[in-house]
Amino acid sequence: LVSMAGLAVRVFTIGSAPPGTSERSTRDPRASLLNATGAYSVVRHPLYLGNTLIGFGLALFTATWFLPTIVVLAGLLYYERISVREEMFLEARFGDSFRSWAREVPALLPAFARYRPPSGRFRWRKVLAREFHALLVIGAGFLFLDVLRSLFATGQLVASPTWAAGFVVTGLLFLV
C-alpha cells in the first residue's frame, strides 16, 4: 500500500503537471513555467516523495527495522543533493516567484492545507508514456523480496503466487 501510494503521487504529479514542467533531466534542467499548483502546491518535490514512498514500501516488506530506516535516510540524502541543483536552476530562472513559492511550500513533507487544484486537465497519455517503468519496479521488487525471503526461510527459491501474478501483470503492462 505504501509503494502504491508513492506510485499514486507520481501518477497525479505527472498527469496534472502542465507541459514544460516536471521534466526528467537532472543534467540539463528545463522549465518553461514554475508549477505551483496540484501536487506542487503542497510539496516542492512530489516526484521524489513518490519515489521515497515506493522504496519505503519495498523496504517495509522485508519486516526488518533497519532497512526502511536506511532507505528513507539514503533517499533523503540522495534527493537533497538533486533538489539543491534543481532549486538553484529554478531560482535563477524564476527569481522572486520561485523564492516566494519555496518559502511557502515544504520540500518533502506535504502541507495538504495549501492544496490548489492543478491549472490544467489530467493527461493519462502522459502518465502512461512515463510511468510504466515505476509499476514494473514495484512488481519486480516485491517478487524479488518474496523469493529472497523464501530462500532465507526455507533454503528454496519459491515465489508466492500473489507476487508472481503481480509481477506478470506489471510485466505485461510494461511490455504493452
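In this chain, numbering begins with 1 at the start of the sequence shown. From a predicted model like this one, the values you see are computed outputs, not experimental measurements.
Under the 4.5 Å side-chain heavy-atom criterion for grouping Ile, Leu, Val, Met, Phe, Trp and Tyr, Leu145 is connected to Ile54 within one hydrophobic cluster. Tyr48 and Met88 end up in different hydrophobic clusters when Ile, Leu, Val, Met, Phe, Trp and Tyr side chains are linked at under 4.5 Å. No continuous path of hydrophobic side-chain contacts links Phe112 to Val43 [ILVMFWY only; heavy atoms under 4.5 Å]. Linking Ile, Leu, Val, Met, Phe, Trp and Tyr residues whenever their side-chain heavy atoms come within less than 4.5 Å places Phe144 and Met4 in a single cluster.
Between Asp146 and Phe61, the closest side-chain pair of non-hydrogen atoms falls below 4.5 Å. Using a 4.5 Å heavy-atom cutoff, the side chains of Phe56 and Leu60 are in contact. Side-chain contact between Phe142 and Leu58: present, with at least one pair of heavy atoms (C-beta onward) separated by less than 4.5 Å. Residues Arg93 and Leu34 have side chains not in contact (no heavy-atom distance under 4.5 Å, counting atoms from C-beta outward). For the pair Ser3 and Leu53, the minimum side-chain heavy-atom distance is 4.5 Å or more. Looking at Arg149 and Thr62, their side chains never come closer than 4.5 Å, going by heavy atoms from C-beta outward. At least one side-chain heavy atom of Pro18 sits less than 4.5 Å from a side-chain heavy atom of Asn35.
In this structure, the side-chain contact (heavy atoms from CB on, under 4.5 Å) partners of Leu173, at least two apart in sequence or on a different chain, are Leu135, Val169. Under the rule for a ring pair (Phe, Tyr, Trp, His ring centres under 6.0 Å), the partners of Phe122 that lie at least two apart in sequence or sit in another chain are Trp124.
Among all heavy-atom pairs drawn from Leu136 and Gly171, the shortest one is CD1-CA, 3.7 Å. Across all non-hydrogen atoms, the minimal contact from Val11 to Val127 is O-CG2, 3.5 Å. Here the closest heavy-atom approach between residue Pro46 and residue Val9 is recorded as O-CG1, 3.3 Å. Heavy-atom minimum distance, Leu7 versus Ala134: CD1-CB, 3.8 Å. Heavy atoms only, all atoms of each residue included: Leu108 and His45 are closest at CD1-O, 4.1 Å. Among all heavy-atom pairs drawn from Ser41 and Val105, the shortest one is O-CG2, 3.8 Å.
Taken to the nearest 0.5 Å, the CZ atom of Arg125 stands 9.0 Å off from the CG atom of Leu128.
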Report the C-alpha separation of Leu47 and Ile14 in whole Å, then their side-chain angles, then the decisive distance to 0.1 Å, and conclude whether the side-chain contact (heavy atoms from CB on, under 4.5 Å) test is met.
CA-CA 8 Å; Leu47 295 174; Ile14 290 166; 3.8 Å; yes
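Tyr40 does not carry Arg116 over the face of its six-membered ring by the limits of under 6.0 Å from the centre and within 45° of the normal.
A donor-acceptor pair is defined here as one N or O able to donate and one able to accept, closer than 3.5 Å; no such pair exists between the side chain of Thr37 and the backbone of Pro118. Of the possible polar contacts, none joining the Arg121 side chain to the Ser16 backbone as a donor-acceptor pair under 3.5 Å is found. A distance-only check finds no donor-acceptor pair linking the side chain of Ser100 to the backbone of Ser97 [under 3.5 Å]. Thr154 places no side-chain N or O within 3.5 Å of a backbone atom of Leu151 that could act as its donor or acceptor partner.
Among residues at least two apart or in separate chains, salt bridge (charged side-chain N to carboxylate O under 4.0 Å, His left out) pairs with a member in residues 96-113 are Glu91-Arg99, Asp96-Arg99, Glu104-Arg114. Within the structure, the salt bridge (charged side-chain N to carboxylate O under 4.0 Å, His left out) test picks out the following pairs touching residues 35-64 (sequence neighbours left out): Arg44-Glu87.
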Contacts table for residues 66-81: side-chain donor-acceptor under 3.5 angstrom, sequence neighbours left out:
unit_1 : atom_1 : unit_2 : atom_2 : d
Thr69  : OG1    : Trp65  : O      : 3.1
Tyr79  : OH     : Asn51  : ND2    : 3.1

In a table with atom names and distances, give each donor-acceptor pair under 3.5 Å that connects a side chain of residues 155-167 to protein atoms at least two apart or in another chain.
unit_1 : atom_1 : unit_2 : atom_2 : d
Ser160 : OG     : Thr162 : N      : 3.2
Ser160 : OG     : Trp163 : N      : 3.3

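Other residues, nucleotides and ligands contribute over 12 non-hydrogen atoms within 6.0 Å of the CZ atom of Phe94. Residue Leu109 qualifies as open at atom CG: its count of foreign heavy atoms under 6.0 Å is 12 or below.
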